[in-house]
Protein chains: 2
Amino acid sequence: MTNKIQRSKPGRPRKFDEAVVLQQAMQAFLQNGFEASSYEDIARAMGLSKPSLYNAFGDKLALFERVLGGYAAAAHGHITSNFSGEDSLENAAQNLLCSAAEFYSSPDGPSLGCLLVGTALPSTTQYDHIREMLAQFTNALELSLEDIVTQQYAKDAKRLGKTPREISLHISSLIFSLAVRARMGLSRKQLVACAEELSGLLG
Amino acid sequence: MTNKIQRSKPGRPRKFDEAVVLQQAMQAFLQNGFEASSYEDIARAMGLSKPSLYNAFGDKLALFERVLGGYAAAAHGHITSNFSGEDSLENAAQNLLCSAAEFYSSPDGPSLGCLLVGTALPSTTQYDHIREMLAQFTNALELSLEDIVTQQYAKDAKRLGKTPREISLHISSLIFSLAVRARMGLSRKQLVACAEELSGLLG
DNA sequence: TGACTTTTATACGGTATCGTATAGAAATAT
DNA sequence: ATATTTCTATACGATACCGTATAAAAGTCA
């Protein structure tokens with residue numbers, strides 16, 4: 001077995017790491033949005049030349065969809081993992097919302113918010129695929145939250161007189177509202193404070 | 001007193017009505033967003049030539065801010081008026097959210113959502129004035145909602161064990177979430193159904 | 001070592017968009 | 001009626017952006 005960790009293909013090897021440059025592309029899109037980011041701007045932010053970028057990821061829309069997909073998966077995992085394993089529904093909600101607030105904000109300076117809500121939303125009317133990605137993300141997230149409530153916080157939900165679906169809908173709504181507020185220039189401190197206030201609204 | 005209703009100024013009169021064309025500009029921005037709408041597209045949607053548009057409202061950013069201001073004022077009035085004068089906080093919330101759902105949706109076809117949340121949000125990082133308009137709208141709306149709760153639904157709030165500020169924050173959050181969901185392609189019927197579900201989350 | 005393959009860098013043409021210049025059209029005031 | 005003022009329409013230059021052609025660079029395989 002001649003299994004190398006990474007079988008090298010013929011041809012000149014790439015000088016960049018896909019995960020790294022995709023993260024840089026995400027930052028660029030998050031900063032200026034999809035439409036306002038020119039392809040050259042993004043290539044510069046990724047440290048790539050324009051032809052390299054075209055060769056690797058295609059045009060701007062394809063790159064954005066790629067970035068969005070990765071972001072959605074990461075956000076889903078981030079949210080569900082922060083919602084799981086707490087000792088009560090209330091604490092789980094608080095943990096989720098506060099971590100989301102930190103995720104949506106920058107250590108210093110104004111928050112840039114959520115890539116899905118803050119930059120992809122206007123493009124839903126022009127690009128069906130983006131709209132479908134957002135709808136699917138929302139749907140999948142709410143199903144996951146509902147599952148977690150059912151499996152881990154059923155007793156708490158009952159105490160509050162709410163079904164798991166209602167809890168899930170409530171929490172996803174608070175996340176959306178946090179995503180919107182984040183892009184209005186709040187600092188991390190302010191956003192986390194807002195998240196704590198929101199988390200008290202469950203009961 | 002020679003007071004005419006409208007003193008005609010010298011010079012060639014305008015062929016268009018400001019309120020009408022601004023509404024058409026709003027529709028154009030709502031459809032394609034701020035950045036993706038070219039100045040020519042907008043002028044066509046308004047039935048104006050490009051120089052007329054420049055002359056009347058300035059460049060695209062100035063026009064967008066003008067439209068946003070009008071939209072924000074209308075939304076504020078629409079929301080607060082639908083929240084007032086009901087017989088209970090729960091009914092007021094339901095009335096508010098359902099009317100917002102209708103406001104955010106089209107009679108047929110997919111919803112276009114909220115101009116503030118659905119199209120202005122990405123531009124907050126580039127244009128301070130837009131960010132400030134959004135922040136100010138949110139702030140003013142929440143203060144108005146809080147006032148209404150204090151004056152009309154204090155008893156209901158007390159019964160729910162929430163302060164007027166908490167109620168206000170809760171409702172504004174649900175509105176934001178509705179604004180986000182609206183732009184994911186839901187029909188009016190679906191969006192109104194969602195609003196009704198959300199309105200049950202207060203208690 | 002030499003042929004081949006893939007990435008990279010520079011440069012280019014085509015297109016769209018922006019903002020305005022210029023001239024004509026339509027009203028008022030004297 | 002004529003002059004004046006303001007709006008409208010066509011056209012234009014400048015710029016930015018997109019996507020790619022072309023050739024050099026940097027590796028692998030025989």
Side-chain angles (χ1 to χ4, degrees), chain A residues 1-22 24-25 28-29 31-67 119 122-123 126-127 129-130, chain B residues 1-22 24-25 28-29 31-67 119 122-123 126-127 129-130:
Chain A
M1 293 199 290
T2 57
N3 270 352
K4 277 193 194 169
I5 301 291
Q6 199 172 357
R7 190 169 65 222
S8 47
K9 290 177 302 184
R12 179 171 174 176
R14 282 180 172 165
K15 222 187 287 187
F16 60 89
D17 181 346
E18 273 208 2
V20 170
V21 296
L22 283 176
Q24 289 166 324
F29 281 127
Q31 178 64 46
N32 289 330
F34 172 65
E35 293 289 350
S37 298
S38 85
Y39 205 69
E40 272 173 331
D41 291 338
I42 300 164
R44 194 172 13 246
M46 299 170 80
L48 297 183
S49 69
K50 227 183 332 171
S52 296
L53 188 48
Y54 268 99
N55 180 42
F57 302 104
D59 64 8
K60 191 169 73 162
L61 179 58
L63 174 62
F64 188 55
E65 290 175 350
R66 174 80 177 266
V67 169
T119 76
S123 305
Q126 283 188 303
Y127 303 107
H129 194 215
I130 291 182
Chain B
M1 295 199 288
T2 58
N3 269 353
K4 277 192 196 170
I5 300 292
Q6 198 171 355
R7 190 171 64 223
S8 47
K9 292 178 298 184
R12 178 173 175 175
R14 282 180 173 167
K15 223 187 286 188
F16 61 89
D17 180 346
E18 273 206 2
V20 170
V21 297
L22 283 175
Q24 288 166 326
F29 281 127
Q31 177 65 47
N32 290 330
F34 173 64
E35 293 289 352
S37 299
S38 84
Y39 205 70
E40 273 174 328
D41 291 339
I42 300 164
R44 194 170 17 243
M46 299 170 80
L48 298 183
S49 70
K50 228 185 330 172
S52 296
L53 189 47
Y54 268 100
N55 180 42
F57 303 104
D59 64 10
K60 190 168 76 161
L61 179 58
L63 174 61
F64 189 55
E65 290 174 350
R66 174 80 179 266
V67 169
T119 77
S123 305
Q126 283 188 303
Y127 304 107
H129 194 215
I130 291 181

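If you're wondering where the values come from, they're calculated on a predicted model, not measured in any experiment. Residue numbers begin at 1 in each chain, while the letters A, B, ... track the order of the sequences.
Of the candidate nucleotides D:dC17, C:dG19, C:dT8, C:dG19 has the atom nearest to the side chain of B:Lys50.
The aromatic rings of A:Tyr39 and A:Tyr54 are tilted relative to each other, their planes meeting at an angle between 30° and 60°. Ring-plane geometry between B:Phe29 and B:Phe34 is classed as tilted, the angle between the planes lying from 30 to 60 degrees on a 0 to 90 degree scale.
When rounded to the nearest whole Å, the span between CG of A:Leu48 and C1' of C:dA9 equals 12 Å. Atom CD of A:Glu18 is separated from atom P of C:dT7 by 10 Å (rounded to the nearest Å). The separation between B:Phe16 atom CZ and C:dA26 atom P is 16 Å, rounded to whole Å. Counting to the nearest Å, the P atom of D:dC7 and the CG atom of B:Asp17 are 15 Å from each other. As a whole-Å value, the separation of B:Asn32 CG from C:dT17 C1' is 15 Å. Rounding to whole angstrom units, CZ of residue B:Arg44 and P of C:dT17 are separated by 9 Å. Between the P atom of D:dC7 and the CE atom of B:Met46 lies a distance of 14 Å, rounded to the nearest Å.
Place B:Asp41 and B:Pro13 on DNA chain C by their nearest nucleotides, and B:Asp41 ends up nearer the 5' end.
Summarising the geometry, atom NZ belonging to A:Lys60 is positioned 11.5 Å from atom CG belonging to A:Leu53; distances are rounded to the nearest 0.5 Å. Here the CD1-CZ distance, from B:Ile42 to B:Phe57, works out to 12.0 Å after rounding to the nearest 0.5 Å.
Residues B:Val21 and B:Arg14 have side chains not in contact (no heavy-atom distance under 4.5 Å, counting atoms from C-beta outward). Between A:Asp17 and A:Leu22, every side-chain heavy-atom pair lies at or beyond the 4.5 Å cut-off. The closest side-chain heavy-atom distance from A:Leu63 to A:Met46 is below 4.5 Å.
Within residues 51-61 of chain A, the residues having any heavy atom closer than 4.0 Å to DNA chain C are, in order of number, A:Pro51, A:Ser52, A:Asn55.
Among the protein residues, A:Lys15 comes within range of the sugar-phosphate backbone only, with heavy atoms under 4.0 Å from sugar or phosphate atoms but none that close to a base.
Heavy-atom minimum distance, B:Asn32 versus B:Ser37: CB-OG, 3.5 Å.
Annotation: salt bridge (charged side-chain N to carboxylate O under 4.0 Å, His left out) contacts of A:Asp41 (sequence neighbours excluded): A:Arg44.
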Shorter than 3.5 Å, N or O on both sides, protein versus nucleotides 1-5 of chain C: list them out with atom names.
none

